[in-house]
Asks: 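Sharing a structure here in structure tokens format.
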Amino acid sequence: MADAERIPGFNTLAVHAGAKPDPTTGARATPIYQTTSFVFDDVDHAASLFGLQAFGNIYTRIGNPTNAVLEERVASLEGGTAGLAVASGHAAQMIVMHNLMTPGDEFIASKKLYGGSINQFNHAYKNFGWNVVWADPDDLSSFEKAVSGKTKAIFIESIANPGGVITDIEAVSKIARKAGVPLIVDNTLATPYLCKPFDYGADIVVHSLTKFLGGHGNSIGGMIVDGGSFNWSREGRYPMLSEPRPEYSGIVLHETFGNFAFAIACRVLGLRDLGPALSPFNAFMILTGIETLPLRMQRHSDNALAVAEWLSKRPEVAWVSYPGLAGDKYNALAKKYAPKGAGAVFTVGLKGGYDAGVKLVSNVELFSHLANIGDTRSLIIHPASTTHRQLSDAQKVQAGAGPDVVRLSIGIEDKDDIIADLEKGLTAK
Ligand SMILES: Cc1ncc(COP(=O)(O)O)c(C=O)c1O
């Protein structure tokens, strides 16, 4: 292959995609363009930007050059056509749905999702008249049965938070295709280093950049990546994309922007009007984190497997739910969708129940007891005494947060130190 045709590898893209030395100053790191707005060349230039006839910067709520580097980087790591950076993972989900849904519409979601997404779908979206229908990733026929004339999308997580569930992306994508709706995959826990949902038929990928992509527990952010695969005009059910937009002199976004129309709609209709813009400072922090994503994710996954294997042999432990473990229910799916490793987040059940969970989180030192995942540091939480405290025991069990459950997010420290810390917590008197 001639040099000009070389497609850079994942490690190279993680460091370089979207970035070049600053043309004005020569700065090698991507500058933080900490500005709200951008000067127009002249009146015609301004008019063409506002009319979507030219690409360029207007106002940081709609776009910013630092954020643009982050967008191109994540889109190229995922193999999508375009990205849109937003203020949080939840904002990414909301903007995606805003493009697809009108009041009274339905979308199908896997019931094994991050608890915050379950809340967002069950409660906040109800206020917009967007109705979620839950399906079980362990019973794919439940997705098929949930399809109705009102269905506008299917939403799943690749590796689900927190229980180590791996969803059969390819099988669900076939159901979405048959129903004529896009498949949205939250790829937060896997990152494109471990799993690339577009290779298995996803149409849109969303991320909480807050977790492993940023990777250092210092910045909240979200990303939408357009896979460029969905025909928005065919079904006539996505008016935001397939009908003339009055706010842009009658432009039809899908006709004008083709295979990156979804990302454009997210920016010029979603982000512009709903407003959750990412700070360029956070974009810079997350970009810096992504440079080491392949190194970190491999270490996270290797450490997690070692810790899960160790925990599964401990007398204090009743069960370990980590798809990387041989014999785990999701091990075959993990080998297919995340062959380099099954990520860093999983749950364990302690024989001593609630008290044992409280004892463990109270006696570890290297682990931080907090409500986050995807930090370089090892993190731990006992949902029953914290995030899920208000629920009844039955509700806790239903949510995968029974009294005995502890969630771990394994960091990139030395695995022997992580294991020694857990041993101290498990054996404390
Ligand atoms: C899988 C998953 N998706 C989405 C989110 C929401 O992201 P954010 O906190 O950035 O809004 C989270 C947060 O924990 C998550 O774990």
Side-chain angles (χ1 to χ4, degrees), residues 67 70 74 78 83-98 107 109-125 132 137 155-167 169 184-195 197 202 204-225 266 270-271 274-279 282-283 285-286 289-290 297 300 304 321 323 337-338 342-347 368 370-375 377 379-381 383 386-388 399-401 407-410:
N67 299 19
L70 177 63
V74 178
E78 286 287 3
L84 179 71
V86 296
S88 68
H90 265 15
Q93 294 170 191
M94 180 183 66
I95 286 181
V96 163
M97 289 302 175
H98 177 256
F107 68 101
S110 163
K111 63 183 186 189
K112 297 285 170 56
L113 292 183
Y114 162 58
S117 298
I118 293 177
N119 270 332
Q120 189 190 40
F121 296 173
N122 268 338
H123 304 297
Y125 286 6
V132 61
F155 186 102
I156 59 175
E157 283 176 18
S158 47
I159 301 179
N161 178 9
V165 174
I166 309 254
T167 316
I169 303 171
I184 305 158
V185 178
D186 180 342
N187 201 28
T188 297
L189 262 65
T191 81
Y193 176 74
L194 295 178
C195 175
I204 297 157
V205 165
V206 290
H207 279 285
S208 168
L209 302 172
T210 316
K211 317 298 174 192
F212 296 97
L213 280 163
H216 294 73
N218 56 27
S219 308
I220 303 273
M223 180 68 67
I224 300 159
V225 186
C266 286
L271 187 56
L274 300 175
L278 180 70
S279 142
N282 278 17
M285 296 299 281
I286 294 163
I290 291 175
M297 278 323 278
H300 275 298
S321 171
Y337 290 109
V345 179
F346 62 95
T347 49
S368 303
L370 51 72
N372 192 23
I373 55 168
D375 196 319
R377 290 156 276 259
L379 313 175
I380 191 166
I381 195 159
T386 53
T387 49
H388 291 64
R407 182 185 75 186
L408 304 172
S409 174
I410 303 298

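Just follow the structure's listing: the first ligand is 1, and inside any ligand the first atom is 1.
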Asks: Heavy atom of H207 under 4.0 Å from ligand 1?
Replies: no
Asks: What residue and atom, counting heavy atoms only, is the protein's closest point to atom 11 (O) of ligand 1, and at what distance?
Replies: H90 N, 2.9 Å
Asks: List ligand 1 atoms under 4.0 Å from E157, heavy atoms only on the residue side.
Replies: 1 (C)
Asks: Is there a side-chain contact between H90 and S117 (heavy atoms, below 4.5 Å)?
Replies: yes
Asks: Name the closest protein heavy atom to atom 13 (C) of ligand 1, giving the residue it belongs to and the distance to 0.1 Å.
Replies: K211 CE, 3.1 Å
Asks: Indicate, with yes or no, if the rings of F212 and Y193 have centres closer together than 6.0 Å.
Replies: no
Asks: Quick one, S409 and H300 - any side-chain contact, counting heavy atoms below 4.5 Å?
Replies: no
Asks: Working to the nearest 0.5 Å, report the span between CD1 of I220 and CG of L278.
Replies: 10.5 Å
Asks: Measuring from the heavy atoms of G221, does anything fall under 4.0 Å of ligand 1?
Replies: yes
Asks: Around atom 1 (C) of ligand 1, find the nearest protein heavy atom and jot down its residue, atom name and distance.
Replies: D186 OD2, 3.4 Å
Asks: With rounding to the nearest 0.5 angstrom, report the CZ to CE distance, F121 to M97.
Replies: 5.0 Å
Asks: Just which atoms of ligand 1 are under 4.0 Å from any heavy atom in G89?
Replies: 7 (O), 8 (P), 10 (O), 11 (O)
Asks: Please name the residue in the list V185, V96, D186 that meets the side chain to side chain contact (heavy atoms under 4.5 Å, CB included) test with F155.
Replies: D186
Asks: Taking atom CG of L379 and atom CD1 of I410, what is their separation to the nearest 0.5 Å?
Replies: 9.0 Å
Asks: Can you find an N or O of I220 that's nearer than 3.5 Å to an N or O of ligand 1?
Replies: no
Asks: I need the nearest protein heavy-atom contact for atom 16 (O) of ligand 1: residue, atom name and distance, please.
Replies: N161 ND2, 2.9 Å
